[in-house]
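Just the heavy atoms: all of them, side chains too, but no hydrogens, waters or symmetry mates, feed the values below.
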Amino acid sequence: MGRTPASGFATSARHRATAPTRLGLTLRSVALAPRDGFAAAFRTSERRARAGERPPEGWTPYVLGATGGAAVMSLWLKAGALGSRGGADPGSVDPALLVAALVAGALLVLGGQLLWGVLGPRLADRLGGCALGRDLRLVWGAAALPQTLSLAVLVVLDLLVVGPSLYGGGPLADPLGRAWAALSIALALALAVWSLWLFVRGLQVAGGLDLARATALAGGAVATCALVVGTAAAFAAALAARTSL
């Protein structure tokens with residue numbers, strides 16, 4: 001017997017209800033057992049592609065990718081504040097500028113993720129592998145999962161312990177502030193290394209590559225992101241020079 005519209009609706013409703021649970025299980029598997037986790041994620045993406053869903057990798061990789069970009073920007077700002085020896089007043093930091101910087105970091109990395117979906121398969125082919133653009137975009141986003149901790153936990157603690165001055169680029173005269181900044185940067189770096197390791201492992205599964213070639217492919221992803229950031233910086237500099245005339 002064919003499936004009735006009512007039964008089809010019930011199946012669809014159950015599918016939507018269990019989707020968050022399945023997503024959580026997949027992300028947990030990616031974090032703890034990358035090979036199995038990424039393989040499961042690719043299978044889900046393939047099913048979505050056959051069903052005609054767009055994007056087949058879903059929106060979660062892009063949300064995670066943007067979160068990772070904001071987290072990387074926060075790490076950059078903290079490192080600048082800790083290493084600064086200038087005379088700027090840390091208390092003059094505008095929280096709105098901090099938010100704008102985090103949003104800019106999210107958008108830049110998101111642009112790199114989209115471009116990587118175009119350039120990545122070509123580089124994987126040159127390295128002797130074969131990878132789909134959607135899988136490479138998925139790997140980029142899922143590997144940024146540890147960065148959600150960096151953004152959701154560390155940034156909140158940074159603001160509570162030190163305040164926005166930690167991200168201002170000015171000197172941190174308070175010994176407690178400098179000590180916390182050092183600890184916060186160390187934790188953020190550890191999470192970044194975890195993300196990088198997940199990224200390489202995901203590229204191995206996506207492209208069918210060994211560790212050395214997957215690492216080389218990861219270098220291509222970094223170069224892709226640097227290209228996006230460099231282009232944006234050059235555009236901003238040219239715009240600033242033009243408006244100053």
Student: Between Phe199 and Trp116, what is the ring plane arrangement, given parallel below 30°, perpendicular above 60°, and tilted in between?
Tutor: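 The rings of Phe199 and Trp116 sit tilted, inter-plane angle from 30° to 60°.
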
Student: Taking Ser195 for the side chain and Ala143 for the main chain, is one N or O donor matched with an acceptor at less than 3.5 Å?
Tutor: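 Judged by distance alone, yes, a pair lies under 3.5 Å.
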
Student: Is a side-chain donor or acceptor of Glu57 paired with a backbone partner of Val139 at a separation under 3.5 angstrom?
Tutor: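 Side chain of Glu57 to backbone of Val139: no pair is present.
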
Student: Under 4.5 Å between side-chain heavy atoms, hopping through other hydrophobics if needed: is there a path connecting Val229 to Trp76?
Tutor: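 Looking at the clustering, Trp76 is in a separate group from Val229.
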
Student: Looking at Ser150 and Gln147, would you say the former's side chain and the latter's main chain have a donor-acceptor pair under 3.5 Å?
Tutor: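 Checked: no pair found.
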
Student: So, for Ala106 and Ala66, which heavy atoms are closest and what is the spacing to 0.1 Å?
Tutor: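 Closest heavy-atom pair between Ala106 and Ala66: CB-O, 3.2 Å.
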
Student: Below 4.5 Å, heavy atoms only, C-beta onward: do Leu64 and Trp140 meet side chain to side chain?
Tutor: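 Sidechains of Trp140 and Leu64: no contact.
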
Student: Please report the shortest heavy-atom distance between Ala188 and Lys78, naming the atom on each side.
Tutor: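 Looks like CB-NZ, 4.3 Å.
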
Student: With the side chain counted from C-beta on, respond yes when Trp197 and Pro34 share a heavy-atom pair under 4.5 Å apart, and no when they do not.
Tutor: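 Side-chain contact under 4.5 Å: yes.
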
Student: For the backbone of Leu211 and the side chain of Thr215, can you confirm whether one donor and one acceptor N or O come within less than 3.5 Å of each other?
Tutor: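 Between the backbone of Leu211 and the side chain of Thr215 there is a qualifying donor-acceptor contact (under 3.5 Å).
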
Student: Say you draw a straight line from CG of Leu119 to CG of Leu114; how long is it, rounded to the nearest 0.5 Å?
Tutor: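 One finds 11.5 Å between CG of Leu119 and CG of Leu114.
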
Student: I want to check something: taking the side chain as every heavy atom from C-beta on, are Val109 and Cys225 in contact at a cut-off of under 4.5 Å?
Tutor: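 The answer is yes, as the side chains (C-beta and beyond) meet within the 4.5 Å cut-off.
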
Student: Who passes salt bridge (charged side-chain N to carboxylate O under 4.0 Å, His left out) against Asp135, sequence neighbours left out?
Tutor: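 Partners of Asp135 under the salt bridge (charged side-chain N to carboxylate O under 4.0 Å, His left out) test: none.
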
Student: Is the shortest heavy-atom distance from the side chain of Trp194 to the side chain of Leu145 under 4.5 Å?
Tutor: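 When only atoms from C-beta onward are counted, Leu145 and Trp194 do not touch, as no gap falls below 4.5 Å.
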
Student: Hey, any chance Val205 and Leu196 share a hydrophobic cluster, counting ILVMFWY side chains that come within less than 4.5 Å of each other, even indirectly?
Tutor: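 Different clusters.
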
Student: I need the minimum non-hydrogen distance between Asp210 and Arg213, along with the two atoms involved.
Tutor: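 Taking every non-hydrogen atom into account, OD1-N, 2.8 Å.
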
Student: Check the pair Asp158 / Ser184 against side chain to side chain donor-acceptor pair (under 3.5 Å), numbers first and verdict last.
Tutor: CA-CA 7 Å; Asp158 291 339; Ser184 180; 2.9 Å; yes

Student: Could you walk me through whether Leu75 and Leu154 pass the side-chain contact (heavy atoms from CB on, under 4.5 Å) test, one step at a time?
Tutor: CA-CA 10 Å; Leu75 175 58; Leu154 286 181; over 6 Å; no

Student: Ignoring hydrogens, what is the shortest heavy-atom contact between Leu217 and Ala124? Give both atom names and the distance.
Tutor: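 Of all heavy-atom pairs spanning Leu217 and Ala124, the closest is CD1-N, 3.8 Å.
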
Student: Would a single hydrophobic cluster contain both Leu151 and Val161, if residues Ile, Leu, Val, Met, Phe, Trp and Tyr are joined by side-chain heavy-atom contacts under 4.5 Å?
Tutor: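 Looking at the clustering, Leu151 is in the same group as Val161.
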
Student: Within a strict 4.5 Å, meaning less than it, do heavy atoms of the Pro146 and Leu198 side chains meet?
Tutor: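 Yes, their side chains come closer than 4.5 Å.
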
Student: Cluster question for you: counting only ILVMFWY and a side-chain heavy-atom cut-off of under 4.5 Å, with indirect links fine, are Val200 and Val72 together?
Tutor: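 Shared cluster, no.
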
Student: Run the side-chain contact (heavy atoms from CB on, under 4.5 Å) check on Arg28 and Leu32 step by step: do they pass?
Tutor: CA-CA 6 Å; Arg28 185 182 69 176; Leu32 301 179; 3.9 Å; yes

Student: My understanding is that only residues two or more places apart in sequence, or in another chain, count here; which of them pass salt bridge (charged side-chain N to carboxylate O under 4.0 Å, His left out) with Arg134?
Tutor: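 Per chain and number, Arg134 pairs via salt bridge (charged side-chain N to carboxylate O under 4.0 Å, His left out) with Glu46.
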
Student: Quick one: CG on Leu136 to CD on Gln113, what's the gap to the nearest 0.5 Å?
Tutor: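 Going from the CG atom of Leu136 to the CD atom of Gln113 covers 10.5 Å.
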
Student: Roughly how far apart are Phe42 CZ and Leu138 CG, rounded to 0.5 Å?
Tutor: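 If we round to the nearest 0.5 Å, Phe42:CZ and Leu138:CG are 6.0 Å apart.
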
Student: Take Leu77 and Leu98, measure what side-chain contact (heavy atoms from CB on, under 4.5 Å) needs, and give me the verdict at the end.
Tutor: CA-CA 9 Å; Leu77 294 174; Leu98 171 59; 4.0 Å; yes

Student: Answer yes if the side chains of Arg48 and Ser45 hold a donor-acceptor pair under 3.5 Å, and no otherwise.
Tutor: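 Not at all, the side chains of Arg48 and Ser45 share no donor-acceptor pair under 3.5 Å.
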
Student: Before giving the answer on side-chain contact (heavy atoms from CB on, under 4.5 Å), spell out for Leu157 and Trp180 the whole-Å C-alpha distance, their side-chain angles and the decisive distance to 0.1 Å.
Tutor: CA-CA 9 Å; Leu157 291 177; Trp180 173 258; 3.6 Å; yes

Student: May I ask you to decide if Gly220's main-chain N or O and Thr224's side chain share a donor-acceptor pair within less than 3.5 Å?
Tutor: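 Such a contact is found between Thr224 side chain and Gly220 backbone.
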
Student: Sequence neighbours left out, what pairs pass side-chain hydrogen bond (donor to acceptor under 3.5 Å, both in side chains) with at least one residue falling in residues 199-209?
Tutor: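 Sorted result for residues 199-209: Arg201-Gln204.
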
Student: Is there a continuous path of hydrophobic side-chain contacts, each under 4.5 Å between heavy atoms, that joins Val193 to Val222?
Tutor: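 Not linked; separate clusters.
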
Student: Treating Thr231 as the side-chain partner and Leu227 as the backbone partner, does any N or O pair qualify as donor plus acceptor under 3.5 Å?
Tutor: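 It does hold such a pair.
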
Student: If only atom types and distance count, is the side chain of Thr148 paired as donor or acceptor with the main-chain N or O of Ala144 below 3.5 Å?
Tutor: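 No, Thr148 side chain to Ala144 backbone: no donor-acceptor pair under 3.5 Å.
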
